[in-house]
Every structure is written in C-alpha cells, then in structure tokens.
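Here is the structure we will look at.
All chains are named by letter (A, B, ...) in the order of the sequence lines, taking the proteins before the strands, and each is independently numbered beginning at 1.
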2 protein chains.
Amino acid sequence: MMQLTHAEENYLKAIYQLSEAGKKGVSTNDISAEMKTKPASVSDMLRKLGEKEVIEYRKYYGVHITEEGKKFALRTIRKQRLWEVFLVEKLRFAWDEVAEVADELEHVQSTILIQRLDEYLGFPKFDPHGDPIPDEYGDVRSRPRLPINEIDINGTGQIVAVKDSSAAFLRYLDKVGAYIGARIKVLEKVEFDGSIEILVDNKKTIFMSKDVAANILVMV
Amino acid sequence: MMQLTHAEENYLKAIYQLSEAGKKGVSTNDISAEMKTKPASVSDMLRKLGEKEVIEYRKYYGVHITEEGKKFALRTIRKQRLWEVFLVEKLRFAWDEVAEVADELEHVQSTILIQRLDEYLGFPKFDPHGDPIPDEYGDVRSRPRLPINEIDINGTGQIVAVKDSSAAFLRYLDKVGAYIGARIKVLEKVEFDGSIEILVDNKKTIFMSKDVAANILVMV
DNA sequence: ATAGACTTTTAGCCGACACTAAAAAATAAT
DNA sequence: ATTATTTTTTAGTGTCGGCTAAAAGTCTAT
C-alpha cells in the first residue's frame with residue numbers, strides 16, 4: 001500500500017472537502033487559501049499527488065480527486081473527527097479548541113489505534129460539530145439537516161452542526177445558550193427581517209437574526 | 001520560548017535517557033545505536049542541539065545534557081508516558097504495543113492537551129512499565145525498586161517495571177501470569193541455581209530463573 | 001481579436017534530516 | 001612511540017516541503 005506524507009494527507013483532505021463543498025474541480029488558489037500556503041507550493045504538491053494517482057491533474061485546469069484519493073481523504077477525516085470527539089467528550093475541550101490539536105493527532109499512523117479509539121468512544125457517528133464520521137470502509141451515513149430558517153413554525157429538531165465554525169461564532173452560540181445537541185423548537189419567524197425566535201431545551205427562548213439561523217443546522 | 005523539532009526532541013530524549021542510565025557523557029555511537037541513525041547524522045544533530053544550548057558539546061568528547069536540555073527531555077518523557085498510560089488503561093493496548101504509537105503521540109504540541117490528559121487519567125505517577133511520570137515542573141518521584149532476586153524469602157511487593165522491555169520478554173511475562181501491578185510474594189529461592197518461586201496475587205505460584213527474576217522490578 | 005488582469009506553473013533557493021565516502025582525531029596494541 | 005583500529009567529524013547528495021520571482025497560460029472586457 002502506497003503511503004502519503006503528512007503534508008500530502010493534509011492537501012488531499014483539503015481537496016476532498018473543497019470538492020464536496022462545490023461539486024466541481026478545485027483551483028490551485030482555493031487550495032492555497034485553504035492550506036495557507038502559496039500557489040506555487042500547491043502546484044508542486046499537485047504534481048506529486050497526481051503521480052501517486054490520488055488526484056487527476058491537468059495543468060491550469062484544476063483538480064479532481066480519484067476514487068483512490070477519496071479513500072485516503074476519508075481515512076484522514078475519520079481520524080480527525082474521532083479525535084475531535086475524544087477531545088470534547090473525554091478531555092472537555094470546547095468546540096472551538098479542537099481543530100488545531102486534532103489536526104496533529106490525525107496523522108498518527110496506527111490502524112489499531114483508530115479502531116480502539118472508535119470502540120472506546122462508543123462508535124460515534126458524528127463529531128462535535130455534527131459532521132458525520134466515515135466508517136472503516138469510508139462509508140458516511142448522513143442525516144437530513146436543515147438550517148433553522150428553513151424549518152416551519154412549531155417545527156422541532158436537534159442542533160447538529162454549524163456551517164460557519166469560526167471560533168467567534170461558536171463562542172457566540174455558547175453565550176446565547178445554543179449548543180450541538182440542543183433540542184429546539186421554532187416559535188416565531190418575523191416577516192420583515194427573517195429573524196427567528198426559538199425555544200431551546202424547552203426552557204429558554206432566544207432570538208436570532210436570519211443570518212445566524214441560516215448558519216445553524218438542525219436534524220429534523 | 002525556543003522550539004525544538006520532532007527530531008531534536010527525539011535525540012534529546014535519547015541523550016537524557018542514556019546519560020541517566022550511565023551517569024557519564026554519552027558517545028556519538030551510543031546515540032546512533034539508540035536512534036537507529038548513522039553516526040554522521042548524529043554529529044550533525046549534536047552541532048544543532050549544542051547551538052540551541054540544550055547540550056554541551058565538545059567535538060570528539062561526547063555530550064552532556066544541560067539543565068535547559070533536561071527540562072525539554074523531561075517534558076517529552078512526560079508526554080510519552082502519559083500517552084502510554086492512556087493506551088494501556090483506556091484503549092486496552094498490551095505493554096509491548098505502546099512504544100511505537102506513543103512515540104508519535106508525544107510530539108503533538110499542546111500544553112493544554114497534556115494537562116487535560118493527565119487529569120483525565122487521574123494524575124498517574126507511573127507508566128505501564130512502572131517508570132515514573134515527571135510532573136509539569138519536571139519533578140520525578142521515584143520509588144525504591146528491587147529486582148525480584150534481591151527480595152528476601154516471604155518478602156512481598158508489587159511489580160512496577162521490567163529492565164528488559166523487549167516485546168518477547170513482555171509476552172513471556174503475560175503468558176506466565178505476571179504483569180505490571182501484580183502483587184507478589186517470594187516463596188522460595190533455590191540455592192544452587194538461584195531460581196525463584198513466587199506467589200502472584202495470592203493465587204498462582206510461578207517459577208522463574210534467576211535471570212528472569214533479575215529483570216523484574218518490584219516496589220517493596 | 002487583442003490588451004490587461006488574473007491564475008498557475010516553472011525555476012531556483014532554503015532549511016531540516018537523513019545518507020555515503022572520506023578525512024581527522026582519539027584510543028589501543030605492539 | 002609508532003602503528004593499527006575505532007570513533008567521530010566533514011563534505012557532499014538527496015528528498016521533502018516550504019518560499020520568491022518571473023514566465024506562461026487562461027480569462028475578460030473592450
């Protein structure tokens with residue numbers, strides 16, 4: 001089995017996630033923004049990933065991930081998200097603190113480690129941000145998810161993810177009392193500005209603007 | 001605070017442990033054997049570690065670790081041993097499976113991660129091999145430890161470490177029913193060959209040769 | 001259809017960390 | 001004390017992954 005370096009793993013994960021988001025080929029600039037490296041470095045890496053046949057690379061025309069590449073990317077994502085669950089559930093990290101540390105942990109090479117960790121965590125299907133954790137074979141079970149602003153009045157659900165997971169936004173949510181896992185009910189939608197009133201865990205009502213509501217995904 | 005690379009951290013740890021073992025300066029060849037690299041690579045690394053003042057390096061005359069260097073080495077050892085505890089106690093790894101994985105985990109950079117892990121594990125003072133875990137300040141509390149063959153007849157204690165931690169030896173111990181943490185009592189010492197009979201956990205007696213006994217450390 | 005803007009790639013450089021081959025220093029043996 | 005042996009260092013190479021500067025390709029607007 002061919003091996004990828006840490007850097008290659010990171011690029012491949014970024015490429016996978018960018019292509020999932022947009023469903024199109026991914027540009028060098030997009031990748032360089034995501035990876036915080038220069039476009040020149042990206043070009044070089046794309047050449048290498050192309051040689052390893054985890055991406056299809058046509059110079060100047062962006063990149064498509066191959067089936068083989070997806071397998072690698074999903075393995076990395078699986079590791080990252082399992083570590084995130086560990087950090088939040090076992091070590092009491094806050095949502096917005098896990099990314100950096102999980103990015104290091106995900107590169108530890110040990111199949112057995114990941115199997116045991118998965119088992120230890122009770123085979124979680126979703127990470128603390130509500131994103132699905134691929135299984136050993138790369139299969140992802142996704143649940144139907146809607147942004148709050150698309151839920152009908154009196155509709156209920158559970159917060160499972162946020163689109164914008166910036167530290168600032170996550171802190172805002174904590175502050176107003178919303179959190180991943182919270183059960184919510186939509187009480188009112190204001191016509192003229194789209195702002196919304198929701199009930200959290202049957203005990204607290206909070207208002208949010210349409211923009212905020214659009215950022216919060218709920219499993220209905 | 002000056003930073004060390006992963007490779008530098010590994011070399012420094014090796015140098016610290018070699019100098020603790022022998023209490024003398026450490027030779028280039030010793031280090032290259034320990035690190036499984038060539039002496040030429042070691043020389044180069046020593047020059048770098050010398051520049052960073054974590055070791056005192058006189059060409060051709062071996063190496064002494066500085067106080068600053070000890071701090072770094074102890075931090076790395078602390079991380080390594082905490083991860084070993086995690087792997088064995090939480091993920092049910094066997095003694096002889098932890099080294100490789102812990103060597104990767106120990107390089108994850110996050111002070112808070114180590115603090116939380118320490119707390120989560122209940123502030124363990126010894127790793128699964130019985131070696132002491134330095135605290136945040138690098139202090140090590142060591143316990144008096146004796147090899148089994150130096151314990152008097154009817155003396156009791158608890159197995160806390162092994163000198164030879166090769167996979168083969170660890171498997172042998174598991175097989176005969178001895179393990180780290182086991183409470184033992186010395187029942188008999190055979191005069192002419194020094195072999196020893198011990199009682200494990202008050203329920204099982206096992207025989208071992210003098211050589212095996214000398215390899216097992218007991219806290220009395 | 002061509003100029004200008006933007007994107008992407010190439011070329012060349014650098015630091016980290018391994019290696020080999022050969023030189024230099026220290027140590028051991030006669 | 002000189003030679004032989006071993007240890008250690010230097011010199012030069014290669015790979016990986018970043019960078020800058022400049023060239024090349026693509027796209028857009030007139």
Side-chain angles (χ1 to χ4, degrees), chain A residues 2-15 18-19 22 24-65 69 72-73 76 100 103-104 106-109, chain B residues 2-15 18-19 22 24-65 69 72-73 76 100 103-104 106-109:
Chain A
M2 179 248 329
Q3 281 280 15
L4 300 180
T5 65
H6 289 189
E8 286 168 347
E9 251 176 41
N10 279 333
Y11 273 97
L12 197 57
K13 187 179 73 173
I15 292 166
L18 288 170
S19 45
K24 323 218 88 191
V26 180
S27 77
T28 300
N29 264 3
D30 292 347
I31 299 167
S32 100
E34 179 71 20
M35 294 296 296
K36 288 158 186 172
T37 54
K38 302 293 163 185
S41 310
V42 175
S43 283
D44 208 52
M45 182 56 83
L46 294 183
R47 187 185 44 70
K48 287 196 284 187
L49 292 175
E51 279 166 14
K52 296 196 172 181
E53 297 181 22
V54 291
I55 59 170
E56 230 179 84
Y57 176 41
R58 266 187 63 212
K59 281 181 193 173
Y60 294 103
Y61 288 92
V63 127
H64 289 270
I65 195 161
F72 278 99
T76 306
E100 212 182 344
D103 273 353
E104 291 194 67
E106 83 195 16
H107 297 299
V108 174
Q109 296 295 356
Chain B
M2 179 247 330
Q3 280 280 12
L4 299 180
T5 65
H6 290 189
E8 286 167 348
E9 252 176 40
N10 278 332
Y11 273 96
L12 197 56
K13 188 179 72 173
I15 292 165
L18 289 170
S19 46
K24 322 216 92 194
V26 180
S27 78
T28 299
N29 265 3
D30 292 348
I31 299 167
S32 100
E34 179 72 20
M35 294 296 296
K36 288 157 184 174
T37 55
K38 303 292 163 187
S41 311
V42 175
S43 282
D44 206 52
M45 184 55 83
L46 294 183
R47 187 185 46 71
K48 287 196 284 185
L49 293 174
E51 279 167 15
K52 295 196 173 184
E53 296 181 23
V54 291
I55 60 171
E56 229 178 86
Y57 176 41
R58 266 187 62 213
K59 281 181 193 171
Y60 295 103
Y61 288 93
V63 128
H64 289 269
I65 195 160
F72 278 99
T76 307
E100 211 181 347
D103 273 353
E104 290 194 68
E106 83 195 15
H107 297 298
V108 174
Q109 296 295 354

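When the C1' atom of C:dT10 is taken as reference, atom NZ of A:Lys59 falls 9 Å away, rounded to whole Å. Rounding to whole angstrom units, CD of residue B:Gln3 and C1' of C:dG15 are separated by 16 Å. In this structure, the CG atom of B:Asn29 is 18 Å from the P atom of C:dA25, given to the nearest Å. Nucleotide C:dA26 holds its C1' atom 12 Å from the CZ atom of B:Arg58, rounded to whole Å.
For DNA chain D, the residues of residues 6-14 of chain A within the heavy-atom distance limit of 4.0 Å (strictly under) are A:Ala7, A:Tyr11, sorted by number. Within residues 43-52 of chain B, the residues having any heavy atom closer than 4.0 Å to DNA chain D are, in order of number, B:Ser43. Near DNA chain C, meaning a heavy atom under 4.0 Å away, the residues from residues 35-42 of chain A are A:Pro39, A:Ala40.
If you walk DNA chain D from 5' to 3' and mark each nucleotide with an atom closer than 4.0 Å to a heavy atom of chain B, the marks span D:dT7 to D:dT10.
Side chains of B:Ile55 and B:Met45 form no contact here, defined as non-hydrogen atoms less than 4.5 Å apart. When side chains are defined from C-beta on, B:Met2 counts as touching B:Val54, because their heavy atoms get closer than 4.5 Å.
Contact record, A:Ala73 with A:Ile65: CB-CD1, 4.3 Å, taken as the closest heavy-atom pair. B:Pro39 and B:Asn29 get closest at one heavy-atom pair: CG-OD1, 3.5 Å.
Enclosure of atom CD in B:Glu56 is not indicated, since only 12 or fewer non-hydrogen atoms of other residues, nucleotides or ligands lie within 6.0 angstrom. Heavy atoms of other residues, nucleotides or ligands lying less than 6.0 angstrom from CD of A:Glu100 number 12 at most.
By the salt bridge (Lys or Arg N to Asp or Glu O under 4.0 Å) test, A:Glu104 is found to be paired with no residue, residues two or more places apart in sequence or in another chain being considered.
Rounded to the nearest 0.5 angstrom, B:His107 NE2 and B:Thr76 OG1 are separated by 7.0 Å. Here CG of B:Asp30 is found 13.0 Å from CE of B:Met35. Values are rounded to the nearest 0.5 Å. Distance check: A:Ile15 CD1 to A:Glu8 CD gives 10.5 Å after rounding to the nearest 0.5 Å. One finds the OG atom of A:Ser43 at 9.0 Å from the CD1 atom of A:Ile31 (value rounded to the nearest 0.5 Å).
Under a 3.5 Å cut-off, the side chain of B:Lys52 and the backbone N or O of B:Gly69 do not form any donor-acceptor pair.
For the helix from C:dA1-D:dT30 to C:dT30-D:dA1, the angle separating the two terminal helix axes comes to 10°, with each axis derived from five pairs and the value rounded to 10°.
For C:dC6, neither phosphate oxygen OP1 nor OP2 lies less than 4.0 angstrom from any side-chain nitrogen or oxygen of A:Tyr60.
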Given side chain to side chain contact (heavy atoms under 4.5 Å, CB included), test A:Asp103 with A:Lys13 step by step and report yes or no.
CA-CA 11 Å; A:Asp103 273 353; A:Lys13 187 179 73 173; 3.2 Å; yes

Side chain to side chain contact (heavy atoms under 4.5 Å, CB included) between B:Glu34 and B:Leu18: does it pass, once the steps are laid out?
CA-CA 9 Å; B:Glu34 179 72 20; B:Leu18 289 170; 4.2 Å; yes

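Among B:Thr37, B:Leu46, B:Leu4, the one residue that satisfies the side-chain contact (heavy atoms from CB on, under 4.5 Å) test with B:Tyr11 is B:Thr37.
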